[in-house]
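All remarks here apply to the structure that follows.
Naming convention: chains lettered A, B, ... in sequence-line order (proteins, then strands); numbering from 1 in each chain.
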Protein chains: 2
Amino acid sequence: MPPEAYYSIHPKFHSAVDCIIFGFDEGELSLLLLQRNFEPAKGQWSLMGGFVQEGESLDDAARRVVEELTGLDDLYMRQVHTYGDLGRDPGERVLSTAYYALVDIKKYDRQLVKAHNAHWVKLPDTPHLIFDHDRMVKDALRFMRYQATVKPVGINLLPEEFTLTQLQALYEAILGEPIDKRNFRKRIAAMDYIEKTGGIDKTLSRKGAALYRFNRDKYDGNFKI
Amino acid sequence: MPPEAYYSIHPKFHSAVDCIIFGFDEGELSLLLLQRNFEPAKGQWSLMGGFVQEGESLDDAARRVVEELTGLDDLYMRQVHTYGDLGRDPGERVLSTAYYALVDIKKYDRQLVKAHNAHWVKLPDTPHLIFDHDRMVKDALRFMRYQATVKPVGINLLPEEFTLTQLQALYEAILGEPIDKRNFRKRIAAMDYIEKTGGIDKTLSRKGAALYRFNRDKYDGNFKI
DNA sequence: TCAAAAGTGTTAATAGTACACCCATGA
DNA sequence: TCATGGGTGTACTATTAACACTTTTGA
């Protein structure tokens, strides 16, 4: 076989990315979902997705798609899985790679989200999604939960500075179960990469709660998972 | 945009699978690698791979590729990651999805392996591989190690019946560290889905070692991870 | 009878879990 | 002064880790 034929005898496929965008609000995880005002599957709910373009890596495609919707360009994102079953997109054959992204829900671009007819939906209220997007959400959630147990990825869902009460509520939302306050704070105290900023947040209590931040340098030195 | 243009305006790409095939022999993990007698990269070492075909799911492509090399069609396989960087294949743009497979190293088809100029290489002796295959091996190994700590996937590297000494050596190879024999056997004894067959293996000792097998039904009832 | 691998329990250390009250503050 | 969320310590339980000798048997 001549070298140039090595590639050309094989078929090509559309390659897409679909993004599971997690936010955290009012003590619950939320997803940013599209109520599609375009074909195919107009009128139904779906994840934000897009096709990989020439000259664009798979990771870049995922970043672009999330930025198109949220205006945010430096989110924590991880590849979850690639879905390649035959009938998964009823239109044409498309291989799609799912990525999850973690967003500070106070920061996204409301104009863009509105323009795409997207909405934040609390995880337990997630509607049925098109194609195999339900499965993608399930897989992404499981992967994100696992990641959250081995490294502090959840912090990407909070603002720069946060209180321990917020952090605990976040982890309760991620893990889906209540956590003992004293045990939780003991564990956090042992993590020197979560440090007091000195600031105090008085929006939720008269007494005020100490603000903390994540110190990436200290973290990278400690673990590196 | 008319519906039919939704797909057609986007580019298509070659989609491939690359398979990290693990075996276990002489107390060490091994990889089944090709010493390529074909282009591109003839003469260099690589993983076994292949292009996804029309009418074939991504998982099916991975199964086919592994079967072409080993003759085995019901291996334990898991998707690891999809690699989509621009220059990853210097020939043309190819998106490749890596899968790992676990093989009982006594069972593969020697004719096929020979025909492909493939060789079992002990993991620490792995040569440099083409493209991004080094990274694929690293990612697959990490994923397989993680899986092995949460469910007994390693058993797929052993014959149907095995001794506890074999099983311990396997886990020492997977985890890359020695394990205390008494603690190990205590842990296995607590797993009712690893059961004595009644048989005795006398090939390694005069005394003989009890043979065990994995009972899938009991396992599925217990956990289901 | 001895070499070689198989098999067997106890104790100590560590990690994880359960649990309830006082504190500071502004309205 | 009191309602509200913030903050704190100890005892118990479960899990994991360390550790060395006896058994069986065929050559």
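- When the side chain to side chain contact (heavy atoms under 4.5 Å, CB included) test is applied to Asp139(A), the partners found at least two apart in sequence or on another chain are Val80(A), Tyr83(A), Arg135(A), Arg142(A).
- Of the charged side-chain nitrogens involved, at least one lies within less than 4.0 Å of a carboxylate oxygen, so that Asp132(B) and Arg88(B) count as a salt-bridged pair.
- Running 5' to 3' along DNA chain C, contacts with non-hydrogen atoms of chain A at under 4.0 Å begin and end at dT17(C) to dA27(C).
- Salt bridge absent: Asp73(A) and Arg64(A) never bring a charged side-chain N and a carboxylate O closer than 4.0 Å.
- Below 30°, between 30° and 60°, or above 60°: for Tyr100(A) and Tyr76(A) the angle between ring planes is between 30° and 60°, a tilted geometry.
- Exactly one of Arg213(A), Arg216(A), Lys107(A) qualifies for a salt bridge (Lys or Arg N to Asp or Glu O under 4.0 Å) with Glu160(A). That residue is Lys107(A).
- Taking side-chain N and O atoms only, Thr165(A) has no distance below 4.0 Å to OP1 or OP2 of dG5(D).
- The pair Glu67(A)-Arg63(A) fails the salt-bridge criterion, with no side-chain N (NZ, NE, NH1 or NH2) lying under 4.0 Å from an Asp/Glu carboxylate O.
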- Summarise how protein sits on nucleotides 15-27 of chain D as a single string, 5' to 3': B when a protein heavy atom is under 4.0 Å from the base, S for sugar-phosphate-only contact, - for no contact. --BBBB--BBBBS
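- With Gln35(A) contributing its side chain and Gln44(A) its backbone, the two residues share no donor-acceptor pair below 3.5 Å.
- Residue Thr163(A) is out of contact with every strand shown, counting any heavy-atom pair closer than 4.0 Å.
- Between Leu95(B) and Leu95(A), every side-chain heavy-atom pair lies at or beyond the 4.5 Å cut-off.
- Look at CD1 on Ile188(A): it is 16 Å from C1' on dT8(D), rounded to the nearest Å.
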